[in-house]
Protein chains: 2
Amino acid sequence: METAVDLPDDALYNIAAVERDTGLSKDTLRVWERRYGFPAPVRDQHDERLYSTGQLEKLRLLRLLIDYGHRPGKIINQSNAELAQLIASRAPEQTPPADIAALLDLLTSHDADGFRNALLQALMKQGLLRFVTETVAALNHWIGEAWIAGKIAVFDEHLYSEHVQNILRNAIIAQPGRGSAPRVLLTSLPGEKHRIGLLMVEAVLIAEGGACVALGTETPVIDIKNAVPAYRADVVALSFSSAFTQNAALAGLSELRTLLPDSIEVWGGGGALARARKAPAGTLLLRSFDDMRYALERWRVERAQR
Amino acid sequence: METAVDLPDDALYNIAAVERDTGLSKDTLRVWERRYGFPAPVRDQHDERLYSTGQLEKLRLLRLLIDYGHRPGKIINQSNAELAQLIASRAPEQTPPADIAALLDLLTSHDADGFRNALLQALMKQGLLRFVTETVAALNHWIGEAWIAGKIAVFDEHLYSEHVQNILRNAIIAQPGRGSAPRVLLTSLPGEKHRIGLLMVEAVLIAEGGACVALGTETPVIDIKNAVPAYRADVVALSFSSAFTQNAALAGLSELRTLLPDSIEVWGGGGALARARKAPAGTLLLRSFDDMRYALERWRVERAQR
DNA sequence: TTTCCATATTGTCTTGGACAGAAGTGGCTT
DNA sequence: AAGCCACTTCTGTCCAAGACAATATGGAAA
């Protein structure tokens with residue numbers, strides 16, 4: 001599954017592009033440069049920053065390590081190779097299980113039809129719930145690893161996302177009936193663009209017999225608030241990938257909590273919240289799909305008692 | 001179909017929350033305050049900005065009008081009522097045909113299941129090709145109109161997008177076989193986030209028996225270039241909604257043309273190019289789905305002769 | 001061990017100046 | 001009229017350097 005990623009080595013990126021590609025704010029990029037001396041981009045004729053491909057690469061590695069609990073000041077002056085080493089040492093198991101490796105091979109050999117068929121076959125064999133919680137979750141993880149290792153091309157990742165969306169949405173629409181309570185309104189806040197996570201949640205909800213109103217990504221809080229009565233939702237569930245910072249995710253959950261009546265539950269999950277210690281008052285953190293299934297069950301028991 | 005936005009009057013928002021909720025950057029919020037005197041937020045004990053509910057509301061109205069083509073300096077000092085008036089005056093008096101109106105009614109009455117079923121029914125009745133080129137195209141148009149008139153809620157638009165994606169992807173995956181040449185690589189450039197247009201194109205391509213490699217939205221040009229040999233594409237097709245400016249779309253087509261070998265065709269379509277007079281040398285503008293079907297046919301005839 | 005507090009680290013906010021690129025305007029030619 | 005070019009205005013984004021809130025760390029006390 002070796003894929004040379006063909007990045008032009010001489011490409012230069014302005015600060016907005018780097019913010020978009022790394023998730024680090026412009027303010028953060030400037031203050032790192034001031035404090036730590038990295039990144040030290042060259043300047044154009046108007047003194048505006050231009051970041052190199054190597055700097056962008058290192059910033060991605062730093063972002064990943066920081067998400068895993070390292071602190072910027074401790075690691076920012078290490079070389080790309082040392083950082084990659086640090087990442088590698090974090091995961092002792094180096095190779096994915098055979099079934100996942102087979103799927104990755106199809107993807108990185110650009111066999112779109114083969115990849116699609118293999119995914120469909122896995123879905124048939126496992127059923128929706130296991131397909132999502134095992135195969136898709138593992139694929140997400142290992143594609144992330146391959147991405148860090150530079151072993152997967154950007155366009156293969158795009159193709160992966162498209163095919164998984166096709167299959168999940170196909171499964172979602174194929175599900176008969178309307179589902180029973182609770183009715184969960186599912187979306188993400190502005191800035192959170194990852195759709196796969198949302199679709200996985202939707203699929204699990206439906207497989208558990210729940211009713212789901214999916215609004216896609218990036219719904220402003222106010223609009224979520226207005227959607228709740230319109231769709232008579234019982235629960236609002238938000239997904240935060242690790243593209244979000246933990247603080248931003250917690251702040252979003254809190255804001256939504258203050259806007260909604262107490263009778264509506266607020267759930268949050270995803271990579272950005274995986275390390276969060278405690279949930280904002282009146283909200284629920286879901287750290288796994290099992291957590292979500294328990295939350296669903298708990299809701300049903302509690303409401304049945306009333 | 002009237003949407004009242006209902007906010008707590010006494011809430012205060014910091015600048016990051018306003019950025020998230022309005023999509024206006026912090027820099028923009030500060031420079032508007034400096035230049036136009038609006039918004040003029042109160043300050044907390046540390047001189048940090050706190051925006052009121054009314055300011056947030058007005059910012060959202062401004063954002064809507066600016067997206068529609070108004071200029072900030074001209075409208076920023078009008079009252080909320082005047083801005084709402086301006087939005088209302090945009091509403092054309094035309095009405096959609098009955099079948100589209102029925103679908104819109106289901107959507108704006110928040111009947112998600114009814115809307116889904118009506119879409120499915122239309123698909124069954126019309127077949128994929130007519131469903132896409134007639135029903136979905138008309139729905140897009142009339143939802144755009146309703147949005148400008150402020151007659152449709154943000155969350156209803158989100159729900160619409162999700163359901164149409166579900167149905168189109170379902171139809172795409174249900175299509176048997178691999179399709180015949182040409183193999184079309186389909187995506188959009190960074191900045192272009194509209195997915196429905198891409199899915200419509202993919203559905204039409206598949207309905208015409210073509211082979212399609214869909215990379216989703218926002219693929220950087222360099223990655224498109226790398227994807228072409230990897231997937232052995234014959235044609236690259238790009239979609240530009242009217243969120244793109246015409247010049248930016250034409251520049252993107254030109255850049256891609258120079259990067260790819262002459263044997264690969266470059267096609268462009270979508271709202272941003274609807275008014276373009278002539279295509280960049282060596283590229284093809286598709287102004288309708290029929291144009292695309294002709295282009296497909298022409299490619300097949302030309303290649304058959306060789 | 002757990003809890004608590006002082007200290008260090010880190011991200012976000014502040015101001016006011018600058019300027020590139022988009023949008024609008026006017027005059028000229030076809 | 002309609003296209004096209006040059007000129008002006010408008011508008012979003014970038015800059016620097018300082019400040020401080022929020023979080024994490026590390027050691028002392030319970």
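Proteins get letters first, then strands, A, B, ... in listed order; numbering begins at 1 in each. Only a predicted model underlies this, so the values are computations on that prediction, with no experimental measurement involved.
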**Asked** NA contact type, B:R49, heavy-atom cut-off 4.0 Å: base, sugar-phosphate, or nothing?
**Response** sugar-phosphate
**Asked** At under 4.0 Å between heavy atoms, what does B:D47 touch on the DNA or RNA strands: base, sugar-phosphate, or nothing?
**Response** sugar-phosphate
**Asked** For the side chain of A:R34, counting heavy atoms from C-beta on, which of D:dA17, C:dC13, C:dT15 is nearest?
**Response**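 So the nucleotide nearest the side chain must be D:dA17.
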**Asked** From C:dT15, D:dC15, D:dC10, pick the nucleotide closest to the side chain of B:R71?
**Response** D:dC10
**Request:** For B:S188 and B:E218, indicate whether the former's side chain and the latter's backbone hold a donor-acceptor pair under 3.5 Å.
**Result:** yes
**Item:** Donor-acceptor under 3.5 Å (A:R257 side chain, A:P261 main chain)
**Value:** yes
Indicate whether OP1 or OP2 belonging to [N] is found under 4.0 Å from a side-chain N or O atom of [X].
X	N	result
B:Y36	D:dT11	yes
B:S25	D:dG12	no
B:K26	C:dT12	no

**Prompt:** So which one's nearest nucleotide on DNA chain D is more toward 5', B:T28 or A:R35?
**Reply:**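 The residue closer to the strand's 5' end, by nearest nucleotide, is B:T28.
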**Item:** Upstream residue (5' side of DNA chain D) when B:Q45 and B:W32 are each assigned their closest nucleotide
**Value:** B:W32
**Prompt:** Do B:N140 and B:Y160 meet the criterion of a side-chain donor-acceptor pair at a distance under 3.5 Å?
**Reply:**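 Short answer, yes.
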**Asked** Of A:D27 and A:P72, whose nearest nucleotide on DNA chain C comes first from the 5' end?
**Response**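 Going by which nucleotide is closer to the 5' end, it is A:P72.
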**Value in whole Å for how far the C1' atom of D:dC10 lies from CG of B:N77** = 15 Å
**Asked** When the distance from CD1 of B:I75 to C1' of D:dC10 is rounded to whole Å, what number comes out?
**Response** 13 Å
**Message:** For A:Y36, I'd like to know if atom OH has over 12 heavy atoms of other residues, nucleotides or ligands within 6.0 Å.
**Reply:** yes
